[in-house]
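Accompanying notes for the structure given below.
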Amino acid sequence: MKIGYPCINRSIGCTSGRTFRLASYSDERLEETVRGNLRCLHAILRENLKGSILFFRITSDLVPFASHPVCTVPWQETFAETFQEIGRFIREHGMRISMHPDQFVIINAKDPGIVERSVAELRYHATVLDAMHLDGTAKIQVHVGGVYGDREASMNRFASKYAHLDENVVRRLVIENDDSRYTLADCLRIHEETGVPVLFDVFHHQVNPSGEAVAEAVDLCTATWRPKDGILMTDYSTQMPGGRKGRHAESLDPALFEEFLAETAPADMDIMLEIKDKEKSALRAVGSACRDGRWFRPAQSGHNDVD
DNA sequence: TAAAGTCAAGATCAT
DNA sequence: ATGATCTTGACTTTA
């Protein structure tokens with residue numbers, strides 16, 4: 001079990017997702033931004049290691065406009081060595097990586113243009129992970145997409161689009177139950193049809209349930225991940241007290257988190273904490289997972305290499 | 001320098 | 001048809 005947080009570190013003082021306006025795009029600006037983003041990403045991972053935070057979601061803004069037609073420079077070649085260096089660091093320390101393209105990636109869209117842009121964005125994400133030479137356990141998580149008034153047809157459309165994705169995308173792609181459209185049961189059905197692993201979002205399952213108890217849900221999702229996918233990834237959050245329904249909590253409630261650990265034991269999984277204060281909560285959660293006994297202890301020599 | 005306005009991309013629901 | 005919300009930050013312009 002590894003614990004992580006998404007994209008942003010609030011204490012280190014740099015961000016790996018710096019961007020700029022499309023209107024001010026230039027190849028030089030892109031190169032300069034990516035160089036800074038990669039340097040920061042490496043710094044964040046080093047900082048995470050100090051706190052035994054071994055799971056991390058890399059921001060989709062690592063390479064701004066990467067899938068936009070305006071960007072034609074071969075950034076993966078320009079920064080090949082830096083990507084490999086970061087990848088080596090990740091492997092050496094047994095870290096797990098995910099990425100989460102945002103809401104604009106809709107594989108099951110009716111509009112072919114949206115599908116095309118979505119596919120380009122997925123290729124970009126796969127290219128980043130490939131450039132780091134990470135294996136198939138580094139995942140790209142997406143929601144199923146729109147319902148468009150016909151859930152059945154839209155789920156089928158997902159399956160048929162999925163069947164035509166590039167292999168280097170498919171080997172990393174996983175779907176996640178969302179908070180308003182596709183439930184866990186929907187995702188499991190899509191798994192039946194396509195084989196795509198299902199990432200379990202605990203909070204979405206609470207907000208948009210389909211009947212399964214949490215422990216049962218974890219077991220059902222676990223069964224959708226093959227050995228080459230690595231162990232189950234779970235997104236964990238709780239309701240912000242007093243906030244609108246579905247709003248993520250500001251900080252981890254250790255009692256609730258430990259209850260989650262207790263009710264899912266002994267299932268093994270990597271947990272992404274979607275909590276607003278980021279690494280602060282992750283550090284506390286590592287403590288909980290450690291006491292629980294399932295936390296991942298990296299080999300002392302650091303030889304988890306697959307080079 | 002601080003505040004306000006705006007940003008590649010979508011879906012859905014309220015008005 | 002239009003705008004707000006999701007969710008949220010941070011870039012960019014304006015005061």
Side-chain angles (χ1 to χ4, degrees), chain A residues 5-30 32-34 36-37 40-41 44 57-73 75 99-125 140-151 153-155 157-158 161 175-183 186 201 203-204 206-208 235-251 272-281:
Chain A
Y5 63 96
C7 307
I8 295 168
N9 180 296
R10 297 205 180 280
S11 54
I12 200 172
C14 70
T15 149
S16 57
R18 268 203 102 108
T19 183
F20 49 86
R21 294 291 182 253
L22 180 57
S24 48
Y25 179 92
S26 72
D27 291 348
E28 295 71 31
R29 185 83 186 263
L30 181 85
E32 176 189 317
T33 304
V34 173
N37 285 349
C40 180
L41 173 60
I44 290 173
R57 183 184 298 164
I58 294 175
T59 174
S60 295
D61 285 331
L62 191 70
V63 183
F65 306 107
S67 73
H68 190 282
V70 77
C71 176
T72 57
V73 298
W75 48 268
M99 295 185 82
H100 192 350
D102 55 13
Q103 72 218 66
F104 309 108
V105 169
I106 313 280
I107 294 171
N108 76 348
K110 287 179 158 174
D111 176 345
I114 294 172
V115 176
E116 202 178 309
R117 286 189 286 279
S118 298
V119 168
E121 183 71 358
L122 290 171
R123 285 198 182 114
Y124 150 61
H125 283 77
I140 300 169
Q141 63 185 94
V142 294
H143 297 301
V144 176
V147 173
Y148 308 101
D150 187 341
R151 179 173 306 265
S154 296
M155 284 167 72
R157 212 164 43 248
F158 179 94
K161 298 292 180 194
I175 56 171
E176 170 194 350
N177 57 303
D178 67 68
D179 59 358
S180 64
R181 301 191 266 273
Y182 291 95
T183 63
D186 293 331
D201 189 307
F203 187 35
H204 291 167
Q206 185 186 325
V207 174
N208 184 25
D235 283 354
Y236 180 90
S237 185
T238 51
Q239 174 67 42
M240 176 184 282
R244 228 196 93 271
K245 187 180 171 189
R247 202 161 166 77
H248 290 186
E250 186 65 38
S251 66
M272 181 63 64
L273 295 169
E274 295 187 320
I275 309 275
K276 291 190 186 298
D277 67 4
K278 306 285 178 180
E279 76 281 359
K280 199 170 149 207
S281 283

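Small disclaimer: the values here were computed from a predicted structure and weren't measured. Below, chains carry the letters A, B, ... as their sequence lines are ordered, and counting in each starts from 1.
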Taking any heavy-atom pair under 4.0 Å as a contact, classify Asp179(A): base, sugar-phosphate, or nothing. sugar-phosphate
Whole-Å P distance, dA11(B) and dC11(C): 27 Å
Closer to the 5' end of DNA chain C via nearest nucleotide, is it Phe20(A) or Arg10(A)? Arg10(A)
What is the nucleic acid contact for Ser118(A), judged by heavy atoms within less than 4.0 Å: base, sugar-phosphate only, or nothing? nothing
Asp111(A) CG to dG10(B) C1': how many Å, rounded? 10 Å
Does OP1 or OP2 of dC11(C) have a side-chain N or O of Arg18(A) closer than 4.0 Å? yes
With the six-membered base ring of dG10(B) as reference, does the ring of Phe104(A) sit under 5.5 Å away with planes under 30° apart? no
Between NE2 of His68(A) and OH of Tyr25(A), what distance do you get to the nearest 0.5 Å? 10.0 Å
Pairing donors with acceptors under 3.5 angstrom, does anything connect the side chains of Ser154(A) and Arg151(A)? no
Test of ring centre spacing under 6.0 Å for His248(A) and Phe203(A): yes
Can you check whether Trp75(A) and Tyr124(A) have ring centres sitting under 6.0 Å from each other? yes
Separation of dT12(B) C1' from His143(A) NE2 (nearest whole Å): 14 Å
Using atom C1' of each nucleotide, how far apart are dT12(B) and dG9(C) to the nearest Å? 23 Å
Just to be sure I understand the rule, does Phe65(A) reach a base, reach only the sugar-phosphate, or reach nothing, if contact means heavy atoms closer than 4.0 Å? base
Using the P atom as the reference point in each nucleotide, state the distance between dA4(C) and dG5(B) in Å, no decimals. 13 Å
Using a 3.5 Å limit on both pairing distances, list the dot-bracket string of DNA chain C from the 5' end; Watson-Crick and G-U wobble pairs count, crossing pairs take [ ], interstrand pairs take |. ||||||..|||||||
Need one value for Val147(A): base, sugar-phosphate or nothing, where a base atom within 4.0 Å counts as base even if backbone is also close, heavy atoms only. sugar-phosphate
For Ser180(A), report the nucleic acid contact type (base, sugar-phosphate, nothing); a contact means any heavy atom under 4.0 Å. nothing
Would you say Arg29(A) places a side-chain N or O within less than 4.0 Å of OP1 or OP2 belonging to dT12(C)? yes
Base dT6(B) paired with Arg21(A) side chain (donor-acceptor, <3.5 Å): yes
In whole angstroms, the gap separating C1' of dA8(B) from CG of Asp102(A) amounts to 10 Å
Electrostatic pair Arg57(A)-Asp235(A), nearest N-O below 4.0 angstrom: yes
For a side-chain contact (heavy atoms from CB on, under 4.5 Å) with Tyr182(A), tell me which candidate from Asn208(A), Asn108(A), Asn177(A) qualifies. Asn108(A)
Could you tell me how far dT7(C) sits from dT6(B) if I compare only their C1' atoms? Round to whole Å. 16 Å
Atom OH of Tyr182(A) and atom P of dA11(B): how far apart are they, to the nearest Å? 11 Å
Parallel, tilted or perpendicular, judged at 30° and 60°: which one describes the rings of His143(A) and His100(A)? perpendicular
